[in-house]
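Quick caveat: nothing in here was measured; it's all calculated off a predicted structure.
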Amino acid sequence: MTLALLAWLGGVLTILSPCILPVLPFVFARAGKPFLTNGLPMLAGMALAFAAVASLAAVGGGWAVTANGWGRGIALTLLGLFGLMLLFPALSERLTRPLVALGNRASGRGEGVFGSAALGVATGLLWAPCAGPILGLILTGAALNGASVATTGLLFAYALGAATALAVALLAGGRVFALMKRSLGFGEGLRRGLGALVLAAVAAIALGLDTGLLTRLSTASTNRLEAALLTRFGPEGSTVMQPAPAMTGGPAMTGGPAMTGGPAMMAGPAMVAKGQPEALPVEGQMPDLTGAVQWLNSPPLTAAQLRGKVVLIDFWTYSCINCLRALPHVQAWDAAYRDKGLVVIGVHAPEFAFEKNPANVEKAVRDLGITYPVALDNDYALWRAFSNRYWPAHYFIDAKGQIRHHHFGEGGYEQSEQVIRTLLAEAGASPDTTAQVQAAGVSAPADMRDVLSPETYLGHARASGNLNAEGLIADQPHRYTAPDLRLNEWALAGDWTVGAEAAQLNAPGGSVTMRFHARDLHLVLAPGAAPVPFTVTIDGQPPGADAGLDVDAAGRGIVTEDRLYQLYRAKGPVAEHLFEIRFDAPGVQAFAFTFG
């Protein structure tokens with residue numbers, strides 16, 4: 001219910017975005033007419049069409065995008081015709097005469113319910129709102145988990161939020177429209193004016209202004225508002241990917257072994273003041289561990305084989321900074337309690353495409369010193385079986401195979417270790433040691449008090465905060481110019497192709513700039529066909545003593561593999577800075593900024 005409300009609020013905020021502007025002429029073309037038979041059917045058709053197309057695009061791959069491209073063309077034609085009908089009443093009368101006659105025969109009256117609904121469906125095919133954090137979360141979750149009633153419901157809630165805001169505007173606009181007609185007597189001229197606006201909107205959409213230039217003309221960006229909502233209602237120190245079915249209070253939606261859901265999925269069990277757990281509730285039965293494409297450090301394990309053992313399931317992915325900072329604690333628990341009956345299993349659920357490569361994961365496991373079993377969950381079978389939606393996520397399972405506790409995100413390490421000790425004691429073990437955690441380098445704890453910059457994606461599917469004048473041109477080569485930036489804004493410079501996951505450089509000398517406030521700055525990068533040298537500057541100068549682990553004092557480094565790179569770590573006071581990374585060769589892909 002919480003996610004549905006957030007989705008609805010995200011849709012409401014869309015009216016503040018210029019991306020909604022091309023839709024407004026079609027909406028206000030129904031002003032001055034009965035809302036129930038004109039405005040409401042149009043908005044309902046718009047919301048339904050958007051939810052259906054967005055669901056298909058999220059889970060259907062390229063064919064859905066191609067199909068929607070045809071739908072866009074047809075919708076533009078229909079709406080252009082609608083604009084001409086408003087502009088030229090004689091044309092309207094001639095074209096609608098057969099439809100009016102058919103409607104009169106079918107219903108005995110000439111109401112505009114079906115025409116308005118059809119207009120709404122056409123508008124929904126064209127509607128391309130700015131992909132802020134909330135819509136990005138929903139769409140990415142849909143792609144990750146496949147089609148479901150829950151995902152489509154969230155998309156519909158988002159569209160319904162936008163329709164709600166437009167309905168309020170339409171009702172107010174309708175009164176203004178009627179007043180103008182009565183007092184000024186220029187209804188026909190106003191009709192023609194609306195027709196001209198509709199044709200202008202069709203032209204803007206056909207030229208791509210709805211997803212490009214208009215996003216840069218915003219004076220009231222919704223991204224910060226949406227990010228604030230997610231920050232307020234989401235756990236700290238985690239990356240959110242999947243709108244969890246368990247948020248509805250029901251069982252898992254995947255049809256597999258289910259968490260019993262309900263309130264226990266919202267947060268861990270209550271803790272008393274000194275960190276001792278109250279009686280640990282039973283949250284559900286551990287699903288069987290089938291569906292992993294490969295296992296590292298172990299043959300495949302099953303739930304039946306693990307009976308009698310206390311099990312910790314750690315959902316992680318190797319380029320996730322939150323996971324990397326939690327990892328030393330997981331490794332320390334494994335070292336301290338393995339001989340007492342604890343089995344740690346890392347479930348590697350990839351966020352980016354390169355993390356699906358088993359060779360990449362195997363190298364990361366080796367480099368990170370992970371010795372416990374790791375299941376490669378490339379198809380997200382285990383992710384769905386646990387109804388999981390976060391990196392990192394820890395599930396604690398007792399010797400009877402029952403899930404007794406979970407923790408999402410970083411932190412809570414003392415309580416988590418106490419849960420392990422409690423479950424081991426229940427199983428008859430006597431843990432007489434405590435974990436010794438060694439966290440250094442990129443895994444060192446974040447200074448969250450000074451982190452004022454959020455995780456920021458560079459691929460167009462989840463991008464926010466971009467300030468390039470033309471916006472991000474999806475999946476097409478384009479030469480960008482970087483403007484001046486404010487805090488948490490970023491831009492490209494040079495010849496780039498922005499894909500759904502990452503921006504890829506097409507020619508040498510391209511750069512990415514971002515203004516940030518944090519102790520640490522990381523960037524997930526992939527080199528392409530060959531290593532790519534780069535240079536980092538902070539406020540136009542080499543980083544010097546503040547160089548991150550992957551650059552020297554002069555700011556020089558090389559992208560050699562697909563992973564997270566630490567490019568800046570402040571050794572003194574934390575402040576706001578302008579970061580720039582310039583690449584000497586093409587082919588590099590830039591995925592996401594993270595901070596600590």
**Q** Using only heavy-atom distances, determine whether the side chains of Tyr337 and Glu417 contain a donor-acceptor pair under 3.5 Å.
**A** yes
**Q** Would you call the rings of Phe583 and Trp496 parallel, tilted or perpendicular, where under 30° means parallel and over 60° means perpendicular?
**A**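 Rings of Phe583 and Trp496: perpendicular, over 60°.
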**Q** Say whether, by atom type as modelled, one donor and one acceptor occur between the side chain of Asn297 and the main chain of Tyr372 under 3.5 angstrom.
**A**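 Yes, Asn297 side chain to Tyr372 backbone: donor-acceptor pair under 3.5 Å.
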**Q** If you take the centroid of each ring, where Trp contributes its six-membered ring, are Phe315 and His348 closer together than 6.0 Å?
**A** no
**Q** Hey, is the main chain of Ala349 close enough, under 3.5 Å, to the side chain of Asn378 for a donor-acceptor pair?
**A** no
**Q** So, the side chain of Ser443 versus the backbone of Leu324: is there a donor-acceptor pair under 3.5 Å, distance only?
**A** yes
**Q** Got a donor-acceptor contact below 3.5 angstrom from the Arg421 side chain to the Thr433 backbone?
**A** yes
**Q** Checking Glu455 side chain against Ala592 main chain: does a donor-acceptor pair fall under 3.5 Å?
**A**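 Judged by distance alone, no pair lies under 3.5 Å.
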**Q** Looking just at side-chain N and O atoms, do Asn388 and Tyr380 make a donor-acceptor pair shorter than 3.5 Å?
**A**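 Short answer, no.
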**Q** Has Arg515 got a side-chain atom pairing as donor or acceptor with Leu485's backbone, closer than 3.5 angstrom?
**A** yes
**Q** Distance to the ring centre below 6.0 angstrom and angle to the axis at most 45 degrees; does that hold for Arg462 and Tyr457?
**A** yes
**Q** Looking at Asp432 and Lys340, is there a salt bridge between them, counting it only when a charged N and a carboxylate O are closer than 4.0 Å?
**A** yes
**Q** Does the side chain of Tyr318 pick up a donor-acceptor pair with the side chain of Glu351 at under 3.5 Å?
**A**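 Per modelled atom types, Tyr318 and Glu351 side chains form no pair under 3.5 Å.
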**Q** Quick one about His406 and Glu283 (side-chain donor to acceptor, distance below 3.5 Å, no hydrogens or angles considered), yes or no?
**A** yes
**Q** Check the pair Ile420, Thr422 against side-chain contact (heavy atoms from CB on, under 4.5 Å), reporting the backbone distance first and the verdict last.
**A** CA-CA 5 Å; Ile420 293 172; Thr422 298; over 6 Å; no
**Q** Whether the side chain of Gln566 engages the backbone of Leu549 through a donor-acceptor N/O pair (distance < 3.5 Å, no angle test) should be reported.
**A** yes
**Q** Report the residue from His522, His577, His517 that forms a ring-ring contact (aromatic ring centres under 6.0 Å, His included) with Tyr568.
**A**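 It is His577; the other options fail the test.
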**Q** Among Asp546, Leu521, Asp520, Val442, find the one that has a side-chain contact (heavy atoms from CB on, under 4.5 Å) with Arg569.
**A**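 Running side-chain contact (heavy atoms from CB on, under 4.5 Å) over Asp546, Leu521, Asp520, Val442 with Arg569 returns exactly one hit, Asp520.
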**Q** Does Tyr395 have its ring centroid less than 6.0 Å away from the ring centroid of Phe386?
**A** yes
